[in-house]
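Heads up: the structure comes next, in structure tokens.
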Amino acid sequence: TSLGAGVYARRCSNVTIENVEFVNITGANALMLTGYGDGYATTPEVTGNRVSNCVFRNMANDISGNNLSDHSTIYVGTKNTRVENNRLYATETALDENMAGLEIHSPGCFAEQNVVENYRNGLFVASDHAYGGVSAWVRDNVLRTGTLGIAIWGIGNYFDLIEISGNYIE
């Protein structure tokens, strides 16, 4: 695609992406779920998506000659989204500092039982794009990363609830 994404879902609710293998994706996101409006703003009516049992290999700067300054393999900008039991593998550990496995920007999201290996950063939870507060549950993930396991960014908006439990960070 022109975005370099494997799947881009904009202003979609109740989308299920399951048992998909993503390989050699060159863009800023391999899978992007987002609302509409300015930038990646979350809208209240976009809700209920799920990404499960997918595999992501050889993303962005892992591809020879590709040089992005920002990449998140899975980007969530939709409310009440579940990201569960996915496998994200990078082949190089010296990835750009802005390379992340998963980014959550919306309320009511779950990241559970995912494995992120050899990324610079494992998982981000951010409040910058949401209308209102962000709540997220980050449970039972395995994060083998170069610099950062989990980051919580309070940018502009606020957090209602963040639960981080049962994760393994190396």
Side-chain angles (χ1 to χ4, degrees), residues 7 9-20 22 28-37 39-56 59 70-90 93 95 97-170:
V7 173
R10 182 174 183 238
R11 202 174 175 197
C12 298
S13 290
N14 303 311
V15 172
T16 296
I17 300 164
E18 187 172 48
N19 298 316
V20 177
F22 295 80
N29 309 103
L31 190 154
M32 181 179 217
L33 303 167
T34 187
Y36 70 95
Y40 303 115
T42 301
T43 56
E45 67 273 11
V46 179
T47 187
N49 298 309
R50 185 168 65 90
V51 179
S52 65
N53 300 307
C54 294
V55 175
F56 300 84
M59 300 289 120
D70 190 8
H71 172 88
S72 295
T73 296
I74 301 173
Y75 184 100
V76 176
T78 55
K79 288 177 63 177
N80 304 318
T81 297
R82 298 189 78 86
V83 180
E84 53 197 9
N85 201 36
N86 298 287
R87 304 294 178 257
L88 293 74
Y89 302 111
T93 57
L95 297 172
E97 67 182 61
N98 290 323
M99 292 280 292
L102 170 62
E103 264 187 71
I104 296 172
H105 290 266
S106 300
C109 293
F110 290 80
E112 297 178 309
Q113 298 178 337
N114 299 289
V115 175
V116 179
E117 291 193 14
N118 293 331
Y119 279 72
R120 176 68 69 183
N121 305 303
L123 192 147
F124 293 141
V125 179
S127 64
D128 55 335
H129 300 318
Y131 294 118
V134 171
S135 53
W137 291 262
V138 179
R139 301 176 179 153
D140 303 318
N141 299 286
V142 175
L143 306 169
R144 293 184 180 102
T145 60
T147 302
L148 182 63
I150 298 170
I152 300 171
W153 294 339
I155 306 169
N157 289 303
Y158 59 91
F159 291 106
D160 287 332
L161 168 71
I162 303 290
E163 178 189 309
I164 299 172
S165 63
N167 298 284
Y168 175 83
I169 301 171
E170 181 179 319

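Nothing fancy with the numbering, it's 1 onward along the sequence.
The two atoms that bring Ser106 and Gly77 nearest to each other are OG-C, 2.9 Å, heavy atoms only. Heavy atoms only, all atoms of each residue included: Arg120 and Thr145 are closest at O-CB, 3.8 Å. When all heavy atoms of Thr47 and Ser13 are compared, the pair lying nearest together is N-OG, 2.9 Å. Of all heavy-atom pairs spanning Ala136 and Val125, the tightest one is CB-CG1, 3.9 Å. In plain terms, the two heavy atoms of Ala30 and Phe22 that are nearest each other are O-CE2, 3.9 Å.
Across Ile104, Asn49, Asn14, a single residue satisfies side chain to side chain contact (heavy atoms under 4.5 Å, CB included) together with Thr78, and that is Asn49.
Although no hydrogens or angles enter the test, the distance criterion places no donor-acceptor pair under 3.5 Å between the side chain of Asn114 and the main chain of Asn141. Judged purely by atom type and a 3.5 angstrom limit, Ser135 uses its side chain to pair as donor or acceptor with the backbone of Gly108. Of the possible donor and acceptor atoms, none in the side chain of Asn121 sits under 3.5 Å from a partner among the backbone N and O of Ala100. The backbone N or O of Gln113 sits nowhere less than 3.5 Å from a side-chain atom of Asp140 that would complete a donor-acceptor pair. At least one donor-acceptor pair under 3.5 Å links the side chain of Asn167 to the backbone N or O of Val138.
Between Leu102 and Val83 the shortest side-chain heavy-atom distance falls below 4.5 Å. Residues Ile164 and Ile150 meet the side-chain proximity criterion, which asks for heavy atoms closer than 4.5 Å. Taking the side chain as every heavy atom from C-beta outward, Tyr119 and Leu143 never approach each other to under 4.5 Å.
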Q) Can you list the steps and then say if Val76 with Val51 is a side chain to side chain contact (heavy atoms under 4.5 Å, CB included)? A) CA-CA 10 Å; Val76 176; Val51 179; 5.9 Å; no
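Atom CD of residue Glu103 and atom CD1 of residue Ile74 lie 11.0 Å apart, to the nearest 0.5 angstrom. With rounding to the nearest 0.5 angstrom, the CZ atom of Arg50 is 9.0 Å from the CZ atom of Arg82. To the nearest 0.5 angstrom, Glu170 atom CD is 8.5 Å from Glu117 atom CD. Taken to the nearest 0.5 Å, the CG atom of Asn86 stands 8.5 Å off from the CG atom of Leu31.
Annotation: His105 is not in aromatic contact with Phe124 [ring centroid separation under 6.0 Å not met].
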